[in-house]
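Protein chains get the first letters and strands the later ones, always in sequence-line order, with residue 1 at the start of each.
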Number of protein chains: 2
Amino acid sequence: MAISPKKLSQILELAEKLCRERGVRLTAQRKQVLELVCAAEQPLGAYDILERLRSRMDNPTPPTVYRALEFLLEQGLIHKLESLHAFIGCSHPEHPHASQFLICSDCGDVSEIESDKIAEGLRKAEESTGFKAKRPVIELLGTCAECQLEPSE
Amino acid sequence: MAISPKKLSQILELAEKLCRERGVRLTAQRKQVLELVCAAEQPLGAYDILERLRSRMDNPTPPTVYRALEFLLEQGLIHKLESLHAFIGCSHPEHPHASQFLICSDCGDVSEIESDKIAEGLRKAEESTGFKAKRPVIELLGTCAECQLEPSE
DNA sequence: GTTGATAATGCTATATTATAACAAGTTATT
DNA sequence: AATAACTTGTTATAATATAGCATTATCAAC
């Protein structure tokens with residue numbers, strides 16, 4: 001189930017808008033990486049992105065990719081899945097949030113959730129410890145509802 | 001503030017006990033890796049461990065380390081910090097739990113917490129999505145209470 | 001519009017983290 | 001001792017990520 005072209009261009013326009021407002025530059029390169037990440041079914045590794053960039057630009061190298069990813073992460077336009085070493089488009093870049101992911105080990109599907117309960121728990125933990133979180137990494141690795149039905153596939 | 005020798009041997013004894021009960025083998029190699037990880041101030045990377053193993057055995061190689069780590073992770077005797085690519089001793093290996101970590105980017109200190117609120121939030125999220133989590137990764141990167149006091153150090 | 005500062009890119013090399021593959025040795029049980 | 005299952009030894013290499021430095025682009029100030 002690929003993302004629709006319409007939805008994709010909406011994402012890109014929103015990204016343009018946010019960057020304009022913030023006074024940062026969504027350059028062609030960065031935009032292409034964002035587009036690749038957002039258009040992908042699954043989270044992409046940096047070298048997956050590198051591979052796909054070949055058809056769009058001349059001789060991309062790892063730094064090209066990692067620099068773009070760094071920018072996009074800073075701007076909250078994508079997330080990094082630490083446990084997969086992979087990147088995924090952000091579902092709602094317009095408001096900052098503690099990203100929370102459900103990662104199915106069977107089908108590889110990843111869904112971003114926004115649980116208030118979890119957010120609340122995190123806030124409480126910060127409160128009681130005095131810790132100030134800048135980047136929460138919440139990744140639940142396991143089996144999605146669909147894959148639990150199937151014997152194994 | 002290093003861990004006391006007494007505390008360390010308690011940890012090792014508990015590990016022995018748990019492995020015995022489970023019918024798995026805490027071999028000398030695995031025990032040494034566990035000891036190094038638990039004795040360390042900070043989380044250790046696999047190659048840090050490799051380095052430290054040199055004084056204890058002959059010509060250790062990456063697979064030696066990774067195999068031991070894999071075993072120790074399976075047994076819940078250590079945790080992997082995905083965002084740091086590093087390993088840390090488990091605070092309470094006797095009962096399984098969703099490990100939750102506060103990772104200070106300033107001083108590098110890592111503390112394991114057990115927030116019921118967070119655990120509760122995770123449970124709720126599973127309930128409402130039908131997702132079954134096998135390995136939760138909860139890592140809050142930020143600044144610990146102490147480091148917030150200091151101007152910068 | 002030239003100058004100078006800042007940011008972004010190009011490019012090569014290399015660091016860091018992790019696993020594959022297969023041979024050899026150990027352990028526990030028959 | 002024979003067997004099966006597990007553990008280790010060893011070499012090689014895969015996969016992920018960054019350092020460092022030269023070059024180019026952008027934009028504001030003069």
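- A donor-acceptor pair under 3.5 Å is absent between the side-chain atoms of A:Gln75 and the main chain of A:Leu18, judged by distance alone.
- Between the side chain of A:Tyr47 and the base of D:dA17, a donor-acceptor pair under 3.5 Å is found.
- Contact detail for B:Cys104 and B:Thr143: the closest heavy-atom pair is SG-CA, 4.0 Å.
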Original post:
Taking protein heavy atoms under 4.0 Å as touching, what does nucleotides 23-30 of chain C look like 5' to 3' if B marks base contact, S marks sugar-phosphate-only contact and - marks none?
Top reply: ----S---
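- Listed in residue order, the members of residues 67-89 of chain A having a heavy atom less than 4.0 Å from DNA chain D are A:Arg67, A:Lys80, A:His85.
- Counting only distance, with no hydrogens or angles, the side chain of B:Glu139 and the backbone of B:Phe101 share no donor-acceptor pair below 3.5 Å.
- Each of A:Thr27 and B:Asp48 lies near DNA chain C, and the nucleotide nearest A:Thr27 is the one positioned closer to the 5' end.
- Closest heavy-atom contact between B:Leu34 and B:Leu12: CD2-CD2, 3.9 Å.
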**OP:** Tell me, with the steps shown, if A:Glu16 and A:Lys31 meet side chain to side chain contact (heavy atoms under 4.5 Å, CB included).
**Re:** CA-CA 9 Å; A:Glu16 294 272 20; A:Lys31 196 170 172 179; 2.4 Å; yes
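- Side-chain atoms of B:Thr129 come within 3.5 Å of backbone atoms of B:Ala125 as a donor-acceptor pair (strictly under, hydrogens ignored).
- Qualifying side chain to side chain donor-acceptor pair (under 3.5 Å) partners for B:Arg52, counting only residues two or more places apart in sequence or in other chains: none.
- Considering B:Val33, B:Ile49, B:Leu53 in turn, B:Leu53 is the only one that fulfils the side chain to side chain contact (heavy atoms under 4.5 Å, CB included) rule with B:Pro60.
- Of the possible polar contacts, one joining the B:Arg30 side chain to the B:Arg25 backbone as a donor-acceptor pair under 3.5 Å is found.
- Straight-line distance from the OH atom of B:Tyr66 to the P atom of D:dA15: 15 Å, rounded to whole Å.
- A donor-acceptor contact closer than 3.5 angstrom is absent between the side chains of A:Gln100 and A:His79.
- Annotation: the terminal axes of the helix from C:dG1-D:dC30 to C:dT30-D:dA1 meet at 30°, where each axis is the rotation carrying the C1' atoms of four end pairs onto the next four (5 pairs per end, rounded to 10°).
- Residues passing the side chain to side chain donor-acceptor pair (under 3.5 Å) test with B:Glu21 are B:Lys17, sequence neighbours excluded.
- A salt bridge links B:Glu82 with B:Arg135: at least one charged nitrogen is closer than 4.0 Å to a carboxylate oxygen.
- Taking atom CG of B:Leu26 as the reference point, atom C1' of D:dT7 lies 13 Å away to the nearest angstrom.
- Spacing between atom CD1 of A:Ile49 and atom P of D:dT16 amounts to 11 Å, rounded to whole angstrom units.
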**OP:** Apply the test salt bridge (Lys or Arg N to Asp or Glu O under 4.0 Å) to residues A:Glu120 and A:Lys117: give CA-CA distance (whole Å), side-chain angles for both, the deciding distance (0.1 Å), then the verdict.
**Re:** CA-CA 5 Å; A:Glu120 165 82 3; A:Lys117 292 269 182 201; over 6 Å; no
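- Interface residues of residues 50-65 of chain A facing DNA chain D, ordered by number: A:Pro62, A:Pro63; criterion, heavy-atom separation under 4.0 Å.
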